[in-house]
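The structure appears right after this line, and notes come after that.
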Amino acid sequence: GGLVAIRALQRDVENRPTLVETENDIKVRTVKTQVRFGYEAPTRLSWVQEKGDLKSVEGSWTLEDLGGGRTLATYTLDSDPGRMLGMLIRGPVEAAVRGMLVNARPGELKSRVEGG
């Protein structure tokens with residue numbers, strides 16, 4: 001869903017990525033960011049941009065055990081492309097980018113977890 005490349009720059013003592021560089025194709029150009037991950041196992045994974053082409057990015061996955069082998073996964077993403085990039089992704093392109101970076105992620109997680 002737009003992710004071109006991902007590379008772990010730092011890892012914690014459990015070998016989980018803590019600082020990651022990503023490249024995303026957002027239709028009008030490729031955007032690079034460095035995001036710092038925070039782990040609150042087993043219920044939360046969060047991230048915040050430390051450096052990159054966007055003005056800001058913050059997101060998280062929160063997992064809630066519903067019992068019976070079911071889990072509610074809640075995805076949040078708050079981003080500001082900044083003035084220059086924001087002008088490039090107005091209108092139909094903005095909807096396409098939102099669909100790729102926001103709307104598609106829960107379905108991608110569901111497919112991966114369920115073995116699809």
Side-chain angles (χ1 to χ4, degrees):
L3 187 62
V4 175
I6 188 165
R7 181 171 62 109
L9 303 175
Q10 294 176 0
R11 294 182 177 272
D12 66 12
V13 295
E14 295 180 43
N15 202 34
R16 300 176 300 194
T18 54
L19 183 63
V20 174
E21 181 177 78
T22 67
E23 288 183 55
N24 288 277
D25 179 354
I26 62 165
K27 306 285 185 198
V28 294
R29 66 177 276 207
T30 299
V31 174
K32 281 190 177 183
T33 63
Q34 284 186 9
V35 294
R36 173 83 52 194
F37 284 97
Y39 297 91
E40 298 171 42
T43 60
R44 185 169 165 81
L45 169 66
S46 60
W47 58 92
V48 63
Q49 176 182 276
E50 289 194 346
K51 178 177 158 181
D53 295 333
L54 304 175
K55 184 175 179 182
S56 65
V57 175
E58 276 188 59
S60 68
W61 280 102
T62 303
L63 306 174
E64 180 184 343
D65 185 355
L66 297 177
R70 298 179 329 130
T71 302
L72 173 65
T74 303
Y75 175 69
T76 63
L77 183 65
D78 184 19
S79 68
D80 182 345
R83 189 171 150 252
M84 295 302 289
L85 187 57
M87 288 189 297
L88 290 173
I89 60 170
R90 300 255 184 245
V93 175
E94 181 179 16
V97 170
R98 180 177 292 111
M100 182 175 51
L101 298 179
V102 178
N103 301 341
R105 295 301 186 239
E108 292 168 353
L109 176 64
K110 184 178 190 296
S111 292
R112 180 143 182 138
V113 168
E114 292 178 350

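Here the structure is a predicted model, which is why all the values come from computation and not from measurement. Only heavy atoms go into these numbers, but all of them, side chains included; no hydrogens, no water, no symmetry mates.
The nearest pair of heavy atoms linking D65 to R70 is OD1-O, 3.5 Å. Counting all heavy atoms, side chain and backbone alike, P42 lies closest to L63 at O-CD1, 3.8 Å. Taking every heavy atom of both residues into account, V48 and E58 meet most closely at CG2-CG, 3.5 Å. Closest non-hydrogen pair, A41 versus R16, comes out as CB-NH1, 4.4 Å.
A donor and an acceptor atom, one from each side chain of S60 and R44, are located under 3.5 Å apart. In this structure, a donor-acceptor pair under 3.5 Å is present between the side chains of Q10 and R36. Neither side chain, T74 nor T62, offers a donor N or O lying under 3.5 Å from an acceptor on the other.
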With side chain to side chain contact (heavy atoms under 4.5 Å, CB included) as the criterion, how do V4 and N24 come out once you've worked through the C-alpha distance, each side chain's angles and the decisive distance to 0.1 Å? CA-CA 5 Å; V4 175; N24 288 277; 5.9 Å; no
Side chain to side chain contact (heavy atoms under 4.5 Å, CB included) evaluation trace for K32 with T22: CA-CA 6 Å; K32 281 190 177 183; T22 67; over 6 Å; no
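Remark: K55 NZ to S79 OG distance equals 12.0 Å, nearest 0.5 Å. Here the CD-OG1 distance, from E64 to T71, works out to 9.0 Å after rounding to the nearest 0.5 Å. Remark: W47 CH2 to T33 OG1 distance equals 11.0 Å, nearest 0.5 Å.
For Y39 (side chain) and P17 (main-chain N/O), a donor-acceptor pair under 3.5 Å exists by modelled atom type. In this structure, the side chain of Q34 does not engage the main chain of L19 through any donor-acceptor pair within 3.5 Å. Using a distance-only test at 3.5 Å, with no hydrogens or angles considered, no donor-acceptor pair links the side chain of D53 to the main chain of V31.
L72 and V113 are members of different hydrophobic clusters when ILVMFWY side chains are connected at heavy-atom separations under 4.5 Å. By the criterion of side-chain heavy atoms lying less than 4.5 angstrom apart, applied directly or through intervening Ile, Leu, Val, Met, Phe, Trp or Tyr residues, L9 is not grouped with L45; the two fall into different hydrophobic clusters.
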